[in-house]
Asks: 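Before we start, here is the structure in question, set down as structure tokens.
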Amino acid sequence: MAESKDVQTIRTYRNFGVIAHIDAGKTTFSERILYITGKSHKIGEVHEGAATMDYLEEERKRGITITSAATTCFWRNNRMSLIDTPGHVDFTAEVERSLRVLDGAVGVFCAVAGVQPQSETVWRQANRYKVPRVAFVNKMDRTGADFYKAVQSMRTRLHANAVPLVMPIGKEKSFQGVVDLVKMKACVWAEDDAREMTVMDIPAELMDEAKKRRDEMVEAVAECHDDVLSKFLEGQPISTEEIMMAIRKGTLDMKITPVFCGSAFKDKGVQNVLDAIVDYLPCPLDRPPMEGFNPEADEKVARPLLPDQPFAGLVFKTISDPNGDLTFIRVYTGEMKAGERYYNGRTRKYERIGRLMRMHAAQREPIDIARAGDIVAAVGIKESITGDTLSTKEAPVVYEAMAFPETVISMSIEPESGGDRDKLGEVLGKLVREDPTFKASTDPQTSQTVISGMGELHLEVKCNMIMNDYKIPVKVGRPKVAYKMTLKGPKTVEARHIKQSGGSGQFAVARVKFSVDPEVEALKFIDGVKGGSVPREYIKPVEEGILAAVTGGGRIGFPFCKVVAELYDGQAHDVDSNAMAFETAGILAFRLASENNSILLEPIMKIEIEAPEDKTGDVIGDLSSRRGIVEEMLSKPGGISAVTGKVPLAEMFQYSTRLRSMTQGRGTYSMEPASYEPVPPNIAEKVLAEYSKG
């Protein structure tokens, strides 16, 4: 059956993101895409603070990406929706929510450093959302660049089946272009213009190596397609079209990752990746139907991603804006029109779409209608937040929301002028709505406002935004670590909540076995009641009581984690028992279990430090003094050592200043949360004493 015009149009959509470690060159690569596709007439450079995709003041000052920016451009009559994501671990939520709604991704790697810690994190995120990828090894013109070493690091550290589709011509300063192993042609770029690519025959001196590399490539991709594999095994010739067909199938099935190389800054290699995005990455129709559930009927829903289906779209980002908050939506099925109302299955309320627009970083192009496969921004949405699904009331659906990591660091914040208190509260509300990994709360003991986030840089950026963008002068306290607690060991308790002095009394007895399970996030509750000793309607209140006590954190306020609670027996009274009595018994049960049976846990960070080899001893010594453990040490090109290990977050405040002074400004590091581990007893005593006073 012939495809409709709408379906044919969707086949020309490519929704992809650019993901990588900080400083691998993602934003530079994105800027070149905009320039080569004709979307920008001037290249914006990150180091000059003029990148189109880094449009926030904080991004331009620091030369890093903080918020993911979306844009649209065209290549070979295909519409490309590109999202440039941050590389710093403090802004990992931006990558998470972008990958949730994208169909494909381009992983950018540094030809000198290869796979770096944050590359691993974003790769795992892409694996979780089953996003097909192609890879671009950038900075081939840098001293120490090694394409094949970078490819090997993808195989060993990412467990990716990385298959080079190009062979570099020269390296470091002599890098000129690549051999396209699929079409067996050489691509060479002009020194001064990214758009001037010359396709020529492969130079005779490179032909033998090119044939060898092509044979390796064909062997790797043939396994992805049965027909091509049969031809390969029988020694029959395989056409270019058949190779491309096998590469596309292997990429979509996530069996291979095609790898390209170049120098985005020197305008080399980006066209090959643009062609690969069109040829190998999925259009929306190549993705499996989105699975959700109907909130009204509580049943599963799966619909093909087509415009003739009922409308459904996922909210994946909100941005506060003086001209009306922007809500970013990925339209999965049906059509969305400006001026219409749509149903939010979580809030059970309608949202009216004021205006719809296609984004180009900070610029907007108004549109009247968005169809399946589109990524658009809407103005006028009031209550929907990241992770919400908008659909029609007649065919409601709720898609799975994104999972975000817990905050690991907090600090107090207050306005310098008392008159700004309400204004600050309003701004914090906006920032919390925008960023799911940023939290604001009031400390019940001190009445201070406390903000929490993913790291020092994350909170510093938020404070600068409050002061510079919203013009509210603030005072901030010292950063504090988000400690947790857990039980030392198993304990069986009997909690009795009995009040029977005149009038209606309260009666609840709960017998609970508590234990510890490292796999449990906060609480796992087991209903082990036999014979009706606790009536069914009171079991849930016991669970709610225990959960309130676990998350409340008791006297000092550190929440507990890794707790398993099995309610195995109890007693109820015909007249005096009620849900509130059993909830109170649940709270009491956990108090009894945790009394003199608690240990303090602290966030442990995975750290990778790159420093000159002659300074490695100082770096390791300093890390040991911070209770850090070195797990691995590698030599990298250019006299650089990479030290990988684990270290408590509590010991790492102001570390960047210390590292700079130790390495004469040449050391860099990156950290990401790894786990929660027990605090040594002598340090735990000090921490608990300090917080008890506070």
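Counting from 1, the numbers follow the sequence of the chain as shown. No experiment lies behind these values; they were computed from the predicted model shown.
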Asks: Between S391 (side chain only) and V397 (backbone N and O only), is there a donor and an acceptor less than 3.5 Å apart?
Replies: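 Side chain of S391 to backbone of V397: a pair is present.
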Asks: Answer yes or no on whether K499 is positioned over the face of F507, meaning its NZ or CZ is under 6.0 Å from the six-membered ring centre and within 45° of the axis.
Replies: no
Asks: Whether R341 and E351 form a salt bridge (side-chain N of Lys/Arg under 4.0 Å from carboxylate O of Asp/Glu) is what I want to check.
Replies: no
Asks: What I want to find out is whether R511 reaches E494 closely enough, with some N-O distance under 4.0 Å, to be called a salt bridge.
Replies: yes
Asks: What residues, two or more places apart in sequence or in another chain, satisfy ring pair (Phe, Tyr, Trp, His ring centres under 6.0 Å) together with Y350?
Replies: Y343
Asks: Check D279 with R76, please: is the shortest side-chain N to carboxylate O separation under 4.0 Å?
Replies: yes
Asks: Is the gap between the ring centers of Y483 and Y676 under 6.0 Å?
Replies: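 Ring centres of Y676 and Y483 not closer than 6.0 Å.
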Asks: So, T318 side chain and R433 main chain: donor-acceptor pair closer than 3.5 Å or not?
Replies: yes
Asks: Give a yes or no on whether a salt bridge exists between D374 and R79, defined as a side-chain N under 4.0 angstrom from a carboxylate O.
Replies: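 A salt bridge is present here (some side-chain N lies under 4.0 Å from a carboxylate O).
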Asks: Side chain of R303, backbone of V301: donor and acceptor closer than 3.5 Å?
Replies: no
Asks: Can you name the closest pair of heavy atoms from P132 and P282 and give their distance?
Replies: CG-CG, 3.9 Å
Asks: Just distance, no hydrogens or angles: give the donor-acceptor pairs under 3.5 Å from side chains in residues 514-532, sequence neighbours left out.
Replies:
from : atom 1 : to   : atom 2 : distance (Å)
D517 : OD1    : E519 : N      : 2.9
D527 : OD1    : V529 : N      : 3.2
D527 : OD2    : R536 : NH2    : 2.4

Asks: Nearest 0.5 Å, please: how far is NE2 in H458 from CZ in F438?
Replies: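 Rounded to the nearest 0.5 Å, the CZ-NE2 separation comes to 7.0 Å.
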Asks: Could you check whether E400 pairs with R100 (Lys NZ or Arg NE/NH1/NH2 to Asp/Glu carboxylate O, under 4.0 Å)?
Replies: no
Asks: State, with a plain yes or no, whether a side-chain heavy atom of K462 is found less than 4.5 Å away from one of D435.
Replies: yes
Asks: Any side-chain heavy-atom pair from E543 and K540 closer than 4.5 angstrom?
Replies: yes
Asks: Quick check: do F328 and I319 have side-chain heavy atoms less than 4.5 Å from each other?
Replies: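 Yes, their side chains come closer than 4.5 Å.
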Asks: Go through the structure and list residues passing ring pair (Phe, Tyr, Trp, His ring centres under 6.0 Å) with F293, not counting sequence neighbours.
Replies: none
Asks: When you compare the side chain of Y470 with that of E426, does any pair of heavy atoms fall below 4.5 Å?
Replies: no
Asks: Is there a donor-acceptor contact under 3.5 Å from the side chain of T347 to the main chain of K349?
Replies: yes
Asks: Could you label the plane-to-plane angle of the F590 and F560 rings as parallel, tilted or perpendicular, counting under 30° as parallel and over 60° as perpendicular?
Replies: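 F590 vs F560 ring planes: perpendicular.
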Asks: Give, for atom SG of C73 and atom CD1 of I33, the distance between the pair rounded to the nearest 0.5 Å.
Replies: 6.5 Å
Asks: Suppose the criterion is side-chain hydrogen bond (donor to acceptor under 3.5 Å, both in side chains): which pairs have a residue in residues 329-338, not counting sequence neighbours?
Replies: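 Non-adjacent pairs meeting side-chain hydrogen bond (donor to acceptor under 3.5 Å, both in side chains): D103-R330, E335-R371.
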Asks: List in chain and number order the residues that pass salt bridge (Lys or Arg N to Asp or Glu O under 4.0 Å) with R352, two or more places apart in sequence or in another chain; answer none if no residue qualifies.
Replies: none
Asks: Tell me whether K439 at atom NZ has more than 12 heavy atoms from other residues, nucleotides or ligands lying less than 6.0 Å away.
Replies: yes
Asks: Taking E120 first and then K606, would you say they form a salt bridge - that is, a charged N and a carboxylate O separated by under 4.0 Å?
Replies: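 Salt bridge: yes.
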Asks: Taking salt bridge (Lys or Arg N to Asp or Glu O under 4.0 Å) as the test, write out the residues that go with D253, two or more places apart.
Replies: K249
Asks: Measure the CZ-CD1 distance between R355 and I367 for me, rounded to the nearest 0.5 Å.
Replies: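 Going from CZ on R355 over to CD1 on I367, the span is 12.5 Å.
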Asks: Quick one about Y129 and E96 (side-chain donor to acceptor, distance below 3.5 Å, no hydrogens or angles considered), yes or no?
Replies: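 Indeed, the side chains of E96 and Y129 share at least one donor-acceptor pair under 3.5 Å.
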Asks: Does a side-chain heavy-atom distance below 4.5 Å link L306 with V7?
Replies: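 Side-chain contact under 4.5 Å: yes.
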Asks: Quick one: pull up CG in N578 and OH in Y538 and give me the separation to the nearest 0.5 Å.
Replies: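 Output value for this atom pair is 6.0 Å.
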Asks: Using side chain to side chain contact (heavy atoms under 4.5 Å, CB included), reason through R133 and N127 one step at a time and then give a plain yes or no.
Replies: CA-CA 10 Å; R133 278 145 278 174; N127 285 340; 2.8 Å; yes
Asks: In sequence, state the C-alpha distance, the side-chain angles, and the governing distance for N15 and R287, and then conclude on side chain to side chain donor-acceptor pair (under 3.5 Å).
Replies: CA-CA 11 Å; N15 298 321; R287 305 288 279 147; over 6 Å; no
Asks: So, taking the atom named CD1 in I466 and the one named CG in L431, what distance separates them when rounded to the nearest 0.5 Å?
Replies: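 So the gap between those two atoms works out to 5.5 Å.
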Asks: Taking the cut-offs as 6.0 angstrom to the six-membered ring centre and 45 degrees off its axis, would you call R14 and W75 a cation-pi pair?
Replies: no
Asks: With the side chain counted from C-beta on, respond yes when V512 and E566 share a heavy-atom pair under 4.5 Å apart, and no when they do not.
Replies: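 V512 does not reach E566 side chain to side chain.
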Asks: Are P307 and I10 packed together at the side-chain level, in the sense that at least one heavy-atom pair is separated by less than 4.5 angstrom?
Replies: yes
Asks: Got a second to check how far L601's CG is from F558's CZ, nearest 0.5 Å?
Replies: 10.5 Å
Asks: Any side-chain heavy atom of I381 within less than 4.5 Å of one from E383?
Replies: no
Asks: Is there a side chain to side chain donor-acceptor pair (under 3.5 Å) between S533 and D569? Walk through the geometry before answering.
Replies: CA-CA 6 Å; S533 56; D569 195 9; 2.8 Å; yes
Asks: Is the closest basic N to carboxylate O distance between E672 and R124 below 4.0 Å?
Replies: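 A salt bridge is present here (some side-chain N lies under 4.0 Å from a carboxylate O).
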